[in-house]
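We name chains A, B, ... by the order of the sequence lines, and we start the count at 1 in each one.
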Number of protein chains: 2
Amino acid sequence: MPTDTRPTKRSGTKEKILKVSTTLFSQLGYKGTSVRKIASEVGIRESAIYNHYKNKEEIFLEVAKGIFSSPFSLSSDEIKELATKGKPFLQKFALQHKMLTFDKMNENMFRLLMIELMQNRELRVQFQAEFHEKNIKVLSEGLFIMMQNSLVRSGDPMMVSYEFLSTLFYIRLQITLMHFDDLSTNSLSTHFEKHVDFFWESIKV
Amino acid sequence: MPTDTRPTKRSGTKEKILKVSTTLFSQLGYKGTSVRKIASEVGIRESAIYNHYKNKEEIFLEVAKGIFSSPFSLSSDEIKELATKGKPFLQKFALQHKMLTFDKMNENMFRLLMIELMQNRELRVQFQAEFHEKNIKVLSEGLFIMMQNSLVRSGDPMMVSYEFLSTLFYIRLQITLMHFDDLSTNSLSTHFEKHVDFFWESIKV
DNA sequence: GTCTATATTTGGATAGAC
DNA sequence: GTCTATCCAAATATAGAC
């Protein structure tokens with residue numbers, strides 16, 4: 001059987017719907033985005049949408065899947081290795097956040113998260129687990145090692161992680177807001193590095 | 001003329017509309033809140049709403065006015081006085097944020113802000129000016145004085161203020177999210193104080 | 001100032017021809 | 001898989017009686 005007999009005809013319409021929807025949802029939110037608008041941008045009629053997705057909700061859920069999927073992560077081994085060096089661990093962590101912040105796709109996802117966070121309980125639960133707790137865990141592991149090695153002053157690793165993470169979040173929020181209005185983020189782009197420098201001075205022994 | 005001849009008949013309906021709208025907008029956002037729902041909660045018909053407000057937008061703008069109006073502020077004199085003592089300045093500032101966070105009305109306003117921030121340009125501009133810059137200014141003034149008096153290590157007051165403010169914001173966001181789902185914020189309620197303690201240790205000479 | 005009735009628009013979704 | 005046609009529900013808003 002040399003011929004490709006996959007059932008999916010690859011016209012790409014489904015992918016295009018998803019792409020257009022991602023942009024619209026991240027700019028207008030769930031309620032602000034109509035199936036009409038999606039269809040219009042894709043270049044097909046509303047009814048044709050329903051050949052690919054059961055309803056608007058299904059499109060949104062597909063889009064929302066991408067919110068907490070990060071292209072970056074630190075393995076337990078990487079954490080251990082970097083943490084013994086001290087500052088480079090924080091630098092790496094902050095750099096990953098910076099890259100996410102300036103990545104177009106992740107920016108859309110962050111915007112969508114902010115829009116729907118107050119209106120979607122499931123998203124709040126996921127934010128707590130997939131963003132907050134996950135990041136606190138990674139940071140705590142690193143900081144715990146640094147404390148053991150007397151690289152940083154001792155304290156509650158979770159609490160110190162909280163301090164470090166919260167500023168990264170705020171920088172990301174501000175940059176995302178400015179990008180929305182096509183404002184320059186030059187002055188903010190170095191904030192990630194400045195934050196690491198300030199923080200390291202704060203905790204190093 | 002002993003009789004009160006004010007043109008406004010004080011039935012209180014207009015105030016009730018505003019109150020109900022505030023709650024609904026802060027829970028469901030602008031698009032999620034219908035005039036129907038507002039009228040129903042107030043206990044009148046939709047059409048009666050229009051005797052008090054021109055349209056839905058006008059109600060929203062009236063509600064939105066309260067977002068950046070804070071019952072707290074620090075005068076220039078208060079800043080100078082507290083800043084010379086060092087830590088008490090930061091404690092006072094953080095305490096004010098804590099009170100805002102746990103005040104029902106301000107919690108609604110913060111929620112509304114978060115919902116509409118990504119969808120309303122005017123709100124983004126106001127957030128930058130009325131929240132971010134205003135707070136950075138107050139903090140910078142205090143920190144500048146502390147640096148002059150050699151109470152804290154020298155550095156860029158604006159940058160240090162940014163570090164301090166961002167964590168307050170993140171704590172507030174988390175608490176607001178948890179209150180939305182009726183979750184206990186016991187473990188978070190002391191974060192404001194812990195943040196001040198940690199931060200003071202970080203910057204004090 | 002509130003009501004009933006109604007106009008109008010917008011949005012989600014389906015049926016059936018091609 | 002896409003189109004036209006259509007339906008239905010929900011939402012904003014207005015007119016006019018009481």
Side-chain angles (χ1 to χ4, degrees), chain A residues 3-65 112 115-116 118-120 122-123, chain B residues 3-64 112 115-116 118-120 122:
Chain A
T3 43
D4 184 353
T5 53
R6 278 178 303 174
T8 21
K9 291 273 237 317
R10 303 297 276 81
S11 68
T13 304
K14 187 161 186 172
E15 286 78 3
K16 197 165 179 189
I17 293 171
L18 202 62
K19 199 181 156 224
V20 165
S21 301
T22 301
T23 307
L24 290 176
F25 279 134
S26 73
Q27 285 175 356
L28 309 166
Y30 183 78
K31 295 219 76 156
T33 302
S34 67
V35 178
R36 281 220 210 312
K37 226 174 284 179
I38 296 172
S40 151
E41 292 250 330
V42 171
I44 56 176
R45 299 286 170 187
E46 282 172 75
S47 52
I49 295 271
Y50 296 93
N51 283 316
H52 303 279
Y53 292 95
K54 205 175 97 240
N55 52 28
K56 183 182 170 182
E57 171 91 6
E58 196 179 88
I59 304 176
F60 178 78
L61 290 177
E62 192 66 27
V63 169
K65 274 186 190 170
L112 182 54
I115 293 178
E116 299 298 324
M118 294 286 172
Q119 298 172 82
N120 186 322
E122 174 59 22
L123 222 50
Chain B
T3 42
D4 183 353
T5 54
R6 277 176 305 173
T8 22
K9 291 274 239 316
R10 304 296 277 84
S11 67
T13 303
K14 188 162 186 171
E15 286 77 4
K16 196 165 179 190
I17 292 171
L18 202 63
K19 197 179 157 226
V20 166
S21 301
T22 301
T23 307
L24 290 176
F25 279 134
S26 73
Q27 284 175 355
L28 309 167
Y30 182 77
K31 296 221 74 156
T33 301
S34 66
V35 179
R36 281 222 214 312
K37 228 174 284 181
I38 296 172
S40 150
E41 292 249 331
V42 171
I44 56 177
R45 297 287 169 188
E46 285 170 72
S47 52
I49 295 271
Y50 295 92
N51 283 317
H52 304 277
Y53 292 95
K54 204 176 96 241
N55 52 28
K56 184 183 169 182
E57 171 91 6
E58 197 179 89
I59 305 176
F60 178 78
L61 290 177
E62 193 65 28
V63 170
L112 182 54
I115 292 178
E116 299 299 325
M118 295 285 170
Q119 297 171 84
N120 187 322
E122 175 59 22

Can you tell me how far [atom2] of [N] sits from [atom1] of [X], to the nearest Å?
| X | N | atom1 | atom2 | result |
| --- | --- | --- | --- | --- |
| F60(B) | dT12(D) | CZ | C1' | 17 Å |
| I59(A) | dG11(C) | CD1 | C1' | 13 Å |
| I17(A) | dG1(D) | CD1 | P | 10 Å |
| K56(A) | dG11(C) | NZ | P | 9 Å |
| Y53(A) | dG1(D) | OH | P | 12 Å |
| F25(B) | dA11(D) | CZ | P | 13 Å |
| I49(B) | dT14(D) | CD1 | P | 13 Å |
| K16(B) | dG1(C) | NZ | P | 15 Å |

- [ ] Could you say whether K37(A) or K54(A) is positioned toward the 5' end of DNA chain C, judged by the nucleotide with the nearest heavy atom to each?
- [x]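 Closest to the 5' end, via its nearest nucleotide, is K37(A).
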- [ ] Pick base, sugar-phosphate or nothing for S34(A), based on heavy-atom distances below 4.0 Å to the nucleic acid.
- [x]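 It contacts sugar-phosphate atoms only.
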Given [options], identify the nucleotide with an atom nearest to the side chain of [X].
| X | options | answer |
| --- | --- | --- |
| R45(B) | dC3(C), dA13(D), dG12(C) | dC3(C) |
| A48(A) | dA13(C), dA15(D), dC3(D) | dC3(D) |
| Y50(A) | dT14(C), dT12(D), dG1(D) | dT14(C) |
| S47(A) | dT14(D), dT4(C), dA5(D) | dA5(D) |

Task: Inter-residue atom distance H52(B).NE2 - T13(B).OG1, 0.5 Å rounding - done: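 Between atom NE2 of H52(B) and atom OG1 of T13(B) there are 4.5 Å.
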Open item on the list: For Y30(A) and F25(A), take the angle between the two ring planes, folded into 0 to 90°, and tell me which bin it lands in: parallel under 30, tilted 30 to 60, perpendicular over 60.
Closed with: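 Rings of Y30(A) and F25(A): parallel, under 30°.
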TODO: For dA10(D), take OP1 and OP2 only and decide whether either is under 4.0 Å from a side-chain N or O of R36(B).
DONE: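 So the side-chain polar atoms of R36(B) never come under 4.0 Å of the phosphate oxygens OP1 or OP2 of dA10(D).
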TODO: State whether the side chain of S40(A) and the backbone N or O of R36(A) hold a donor-acceptor pair below 3.5 Å, judged by distance alone.
DONE: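 No; zero donor-acceptor contacts below 3.5 Å.
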Task: Check: K31(B) side chain, L28(A) main-chain N or O, donor-acceptor pair, under 3.5 Å - done: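 Answer holds: no.
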TODO: Would you mind reporting whether I38(B) and Y53(B) have side-chain heavy atoms less than 4.5 Å apart?
DONE: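 Not touching, per the 4.5 Å side-chain cut-off.
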